[in-house]
Protein chains: 2
Amino acid sequence: MNIGEASKASGVSSKMIRYYEQIGLIHPTARSDNNYRLYTQDDVHVLRFIRRARSLGFSLEETQKLLALWQDKARESAAVKEVATQHIADLERRIAEMQGMVKTLKHLSHCCSGDGRPDCPILEDLAASAAPPSSATPSNH
Amino acid sequence: MNIGEASKASGVSSKMIRYYEQIGLIHPTARSDNNYRLYTQDDVHVLRFIRRARSLGFSLEETQKLLALWQDKARESAAVKEVATQHIADLERRIAEMQGMVKTLKHLSHCCSGDGRPDCPILEDLAASAAPPSSATPSNH
DNA sequence: GATAGGGCTTCCCATCATGGGAAGGTCAAG
DNA sequence: CTTGACCTTCCCATGATGGGAAGCCCTATC
């Protein structure tokens, strides 16, 4: 089948399929006489695998590892679990970071009247930001 | 003060300060005879404001709005709250998305023995991915 | 006065994953 | 034979940031 069909069958856009080939995530496929890429059902399975991995937030690099493990019949499941575990930790770190933002923002937002007056604790917080990262010494006059 | 000093005082890298100027987030500053950018304490305050907004996850575009509101003494706090509220919603959406990933991954990971055997429910899940986005009809045998 | 080092300038490139679009070849249906 | 839907490659854009080169400027040291 051609790339468009493979795209529909896998849920991966044609653009991305070509890109994945370019960066070596998938192998270059055979080409027809007119230079069209040709895909098999197996190729579609690989593309679906990639799509599912992406939907779980794995990077293309991680996806490549998982793909290699999937195709290695002698893999140790520990290796897969390791990739997953690290990804979970990464997600949880990012979630915590964003939750911290939400907490602060909700507090500030709660304190903001949100009416026609200009006074706004949100802006006050942004404007405050007393010290840069971690260097005190407010020196100038 | 020169850009390096402003960078230290604000916690924003020199690279970023120049970039913010380039995209119009901050106004071009005066230059010294030798063409060095010159910053005042007010400029540093603006940079800190930006840094704080960024640390709360606001995009540069949102930051620009907030900056404009901050500098508009006749602003209505409702406008600020609106920006914040939308950002909170966006963060919560992304958090929920990632939490969904974590939930799935933890389940799969929990079911994976993580030893020397090749059997792995994580890979099985990735390989399954029965249907593309929303088109059924598994036709080819 | 010459030189070394550090700061400044601009300009280009890379990231990560994705989409948009142009220019041109190919094919099937009408 | 034309039309339209494919396909090809190539370039550009996103958002925010960093890296680095080439070259100018200033200061301190020899």
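Protein chains get the first letters and strands the later ones, always in sequence-line order, with residue 1 at the start of each. These numbers come from a predicted model, not from an experiment.
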- Verdict with supporting geometry, A/V80 and A/W70, side chain to side chain contact (heavy atoms under 4.5 Å, CB included): CA-CA 9 Å; A/V80 182; A/W70 182 43; over 6 Å; no
- Message: One pair to check against salt bridge (Lys or Arg N to Asp or Glu O under 4.0 Å): A/R93 and A/E97. What are the steps and the verdict?
- Response: CA-CA 6 Å; A/R93 189 185 48 70; A/E97 197 179 337; 3.6 Å; yes
- Query: Where do A/K106 and B/E92 land on the salt bridge (Lys or Arg N to Asp or Glu O under 4.0 Å) test, with the steps shown first?
  - Reply: CA-CA 11 Å; A/K106 279 198 168 173; B/E92 289 187 325; 2.8 Å; yes
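Summarising the geometry, the separation between CG on B/L60 and P on D/dA13 is reported as 18 Å, rounded to the nearest angstrom. D/dC24 atom P lies 18 Å from atom CZ of B/R37, rounded to whole Å. One interatomic measurement links the two molecules: CD of A/Q22 to P of D/dC10, which rounds to 9 Å at whole-angstrom precision. Taking atom CZ of residue B/R31 and atom C1' of nucleotide C/dT9, one finds them 8 Å apart after rounding to whole Å. Atom CZ of B/R18 is separated from atom P of C/dT9 by 5 Å (rounded to the nearest Å). Atom CD of A/Q64 and atom C1' of C/dA17 are 14 Å apart (whole Å). With rounding to whole Å, A/Y19 atom OH is found 14 Å from D/dA13 atom C1'. Here D/dC6 presents its C1' atom at 16 Å from CE of A/M1, a figure rounded to the nearest Å.
A distance of 10.5 Å separates CD1 in A/I26 from CD in A/Q64, rounded to the nearest 0.5 Å. Here the straight-line distance linking atom CD1 of A/I50 with atom OG of A/S55 works out to 12.5 Å at 0.5 Å rounding. To the nearest 0.5 angstrom, A/I122 atom CD1 is 6.0 Å from A/L108 atom CG. The SG atom of B/C120 lies 7.0 Å from the CZ atom of A/R75; values are rounded to the nearest 0.5 Å. Once rounded to the nearest 0.5 Å, the distance linking OG1 of A/T29 with CG of A/D43 reads 6.5 Å.
For the residue pair A/D115/A/S113, the side-chain donor-acceptor check at 3.5 Å is satisfied.
Residue contacts for A/S14: at a heavy-atom cut-off of 4.0 Å it reaches no nucleic acid atom on any strand shown.
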Give me, pair by pair, the N or O atoms of the protein and of nucleotides 24-27 of chain C that are less than 3.5 Å apart, along with how far apart they are.
from	atom 1	to	atom 2	distance (Å)
C/dG25	N2	A/Y36	OH	2.9
C/dC27	OP1	A/N34	ND2	3.4

Are there any protein N/O atoms within less than 3.5 Å of an N/O atom in nucleotides 19-23 of chain C, and if so, which ones and at what distance?
from	atom 1	to	atom 2	distance (Å)
C/dG19	OP2	A/S13	OG	3.1
C/dG20	N7	A/K15	NZ	3.2
C/dG20	O6	A/K15	NZ	2.6
C/dG21	O6	A/K15	NZ	2.2

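Comparing D/dA16, C/dT9, C/dT18 by their closest approach to the side chain of B/N35 singles out C/dT9.
Applying a 4.0 Å cut-off to non-hydrogen atoms, none of the residues of residues 84-100 of chain A approaches DNA chain D.
Under the 4.5 Å side-chain heavy-atom criterion for Ile, Leu, Val, Met, Phe, Trp and Tyr, B/F49 and B/L60 are members of the same hydrophobic cluster. The hydrophobic cluster containing B/V46 does not contain B/L38, counting ILVMFWY residues as joined when their side-chain heavy atoms lie under 4.5 angstrom apart, directly or transitively.
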